[in-house]
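This report refers to the structure that appears directly beneath it.
Quick note on labels: first sequence line is chain A, next is B, and so on, each numbered from 1. Since the structure is predicted, the reported quantities are computational estimates derived from the model, not experimental observations.
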Amino acid sequence: MFSNKFIQQRIEKADILREAGINPYSNQSKRNTTIEKFLNVNADIEQKEDKRDATRLYIVSGRIKFLRIMGKASFVKIEDESGMLQLYVARDNLAEGFYNTIFKKNIEVGDIIEVHGYPFVTGQGELSLHADDLKILTKAISPLPEKFHGITDKEVRYRKRYLDLIMNTEVRKTFQTRSRVISLTRRFFEDKGFLEVETPMMHPIAGGANAKPFVTHHNALDVDRYLRIAPELYLKRLIVGGFEAVFEINRNFRNEGMDATHNPEFTSIEFYWAYKTYKDLIEITKEYFQYLFEHLKLPTLLPYGELKVNFNNFQEIPLIESLTIIGGVPADIVNNKAKIIAYLKEKNLDVNEKMNLGQLQGELFDEFVEEKLIDPTFITEYPVEISPLARRSDTNPEITERFELFIAGREIANAFSELNDPLDQLERFEGQMAAKDCGDDEAHEMDSDFVEALSYGMAPTAGQGIGIDRLVMLLTNEHSIRDVLLFPAMKPLNGETCEEAAQEEE
RNA sequence: GUCCUGUUAGCUCAGCUGGUAGAGCACGUCACUUUUAAUGAUGUGGCCGAUGGUUCGAAUCCAUCACAGGACACCA
């Protein structure tokens, strides 16, 4: 494993350190400040007459990123989580012999060291640490990538995220923002009186969305379980049980393709709010974005790639109207199945003629409207056929009290007034079963336990899901979901699939 | 799933219409006590993604495969 010449060389150096009585993996750290604090606290050194204060003693630690040995003195840049600091290491300030035999020969870029010293400003004007003692904490036996170009190969960056984080420190910012978004989301809903809950990740029936699940097996019970594709049906059971505002932030799993906006496991928040409707959700969503932008100190005119997204310009438009107004689809066809099919064909698009009107309207939306929705837009009033869990509109039973929020051409949230009529829900599930029989293998599963729960009465409720990964992409100006996931899903490197392995065993 | 592009030293990359494999960084040795990707000298380092084929000869041409990136398709 460690046959590489450079690694062998470094292992030898670690051995030399051991022979000199130095532990190359010491855990006796005495660090008493972070680099950021050191730089802030000592910013006044610049003003002092001799640009130094030998009475201020600090112990800092970090990984060596740059090493400039200039004979009897060296400049070293070390980095900790908070920042980068230059050290001035001179032979005569260290213990006798240490500089020549230990420091110059056996300590190198990539190693993690601890340094004692005082602040001073160099001739070039950089606040630095004047080292009077130095020890190694951790020997790195693999060399770091090239110091200037770093590591640019996306594959290596995803597979070895730790190297990416070492070499491309701006990547840390993305994940710090991600952490902030999740933390702020939690606080926002807690402050509104929502209760955070945890529902099962292993479901007997994969429900709450239309997607293919991952299957696993419970040995003791000898039953298959599905990794959840959505927590929706469990959260609504809690509303039946009397909780009036609940949310869950966690992973969903969908056994589908991977691309710039899809990872097989992804994070979402779902929240359910009794005695509210989807109209209330539109309001709380606007408030939520305002809250995020305030606390993340983001400009409301947010750049996203080539786009500028105006978060002061929330729009709201029913789906059917969006087809004509935004999508440019002629108004006389949007409610006619045959005309839609003809229109799609005319535009050279694949059409499944088995689709019902609602599904076809959804197709039109996906083709002609979605990518044009740049500023945040609530598309409302979805056809009932493509909304199996949403409440029908009281004025038009063909549409539901539902919206999806689109930003920068992507769906960010999905929300509706919940269907709480158990008989209607049963009928919708049956409709989905029929669709499944017609070959729609992503149609919703029948969940009679859930229907039974509804039969005890679920207060009128509105619920919403927000894709956290896509939201973070938007807020960090990243264009691949892999750049907002610390460890995105990757194909195995040996290239052997299960099928091939099974064949070999035979 | 389809198409396009890529895969050469630890890293970043050259390598023409086939003719003994190159640079910078890193590393080794030497010089250098205020550098900023430090500098100067010198040296080590390669299964050219894998497997086949064409050829006297393949990093280079062809085929298949693997992985990645991008686009499209599928999918929230």
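In this entry B/C27 has B/G43 as its Watson-Crick or G-U wobble partner, both defining distances falling under 3.5 Å. Within the shown strands, B/G1 is the pairing partner of B/C72 under the Watson-Crick or G-U definition, both distances less than 3.5 Å.
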Find every protein N or O atom lying less than 3.5 Å from an N or O atom of nucleotides 38-41 of chain B, and list the pairs.
unit_1 : atom_1 : unit_2   : atom_2 : d
B/A38  : OP1    : A/Lys147 : NZ     : 2.3
B/A38  : OP2    : A/Arg68  : NH1    : 2.3
B/A38  : O5'    : A/Arg68  : NH1    : 3.4
B/A38  : N6     : A/Ile69  : O      : 3.3

Shorter than 3.5 Å, N or O on both sides, protein versus nucleotides 45-47 of chain B: list them out with atom names.
none

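Side-chain atoms of A/His149 and base atoms of B/C11 include no donor and acceptor less than 3.5 Å apart. If you check distances only, the side chain of A/Tyr88 never reaches the base of B/U35 with a donor-acceptor pair under 3.5 Å. Put simply, the side chain of A/Gln86 and the base of B/U35 share a donor and an acceptor less than 3.5 Å apart.
Phosphate proximity of B/C67 to A/Arg159: absent, as no side-chain N or O sits under 4.0 Å from OP1 or OP2. In this model, the phosphate group of B/U35 is not approached by any side-chain N or O of A/Thr122 to a distance below 4.0 Å at OP1 or OP2.
Between B/A21 and B/G53, the two C1' atoms lie 23 Å apart (nearest whole Å). Distance noted for atom P between B/G49 and B/C13: 15 Å (whole Å).
Put simply, the side chain of A/Asn263 never gets that close to the backbone of A/Phe266: no donor and acceptor are under 3.5 Å apart. When atom types are taken as modelled, the side chain of A/Glu478 and the backbone of A/Val472 share no donor-acceptor pair closer than 3.5 angstrom.
Between A/Phe403 and A/Phe416, the distance separating the two ring centers is not shorter than 6.0 angstrom. Ring centroids of A/Tyr118 and A/Tyr58 are separated by 6.0 Å or more, keeping the two rings apart. Note: A/Phe406 and A/Phe365 meet the aromatic proximity criterion, with ring centroids under 6.0 Å apart.
Looking at the side chain of A/Arg482, the nearest of the listed nucleotides B/U33, B/C27, B/G69 is B/G69. Nearest to the side chain of A/Lys491, among B/C75, B/A68, B/C27, sits B/A68. Out of B/G70, B/G10, B/U36, the shortest distance to the side chain of A/Pro143 is found at B/G10.
In terms of position on RNA chain B, the residue among A/Asp153 and A/Glu363 whose nearest nucleotide sits closer to the 5' end is A/Asp153. RNA chain B is contacted by both A/Thr261 and A/His479; A/His479 maps to the nucleotide lying nearer its 5′ end (nearest heavy atom per residue).
If you measure from atom CD of A/Glu146 to atom P of B/G24, you get 12 Å, rounded to the nearest angstrom. For the pair A/Arg410 CZ and B/C75 C1', the computed distance is 14 Å after rounding to whole Å. The nearest whole Å value for the distance from the OH atom in A/Tyr162 to the P atom in B/G10 is 15 Å. The distance from atom NE2 of A/His262 to atom P of B/A71 is 14 Å, rounded to the nearest whole Å. Between A/Leu144 atom CG and B/A37 atom P the separation is 18 Å, expressed in whole Å.
Scanning residues 93-114 of chain A for heavy-atom distances under 4.0 Å to RNA chain B yields A/Lys105.
Residues A/Pro388 and A/Gln425 share a closest heavy-atom pair of O-NE2, 3.3 Å. When every heavy atom of A/His130 is checked against every heavy atom of A/Arg52, the shortest pair comes out as CD2-NH1, 3.9 Å.
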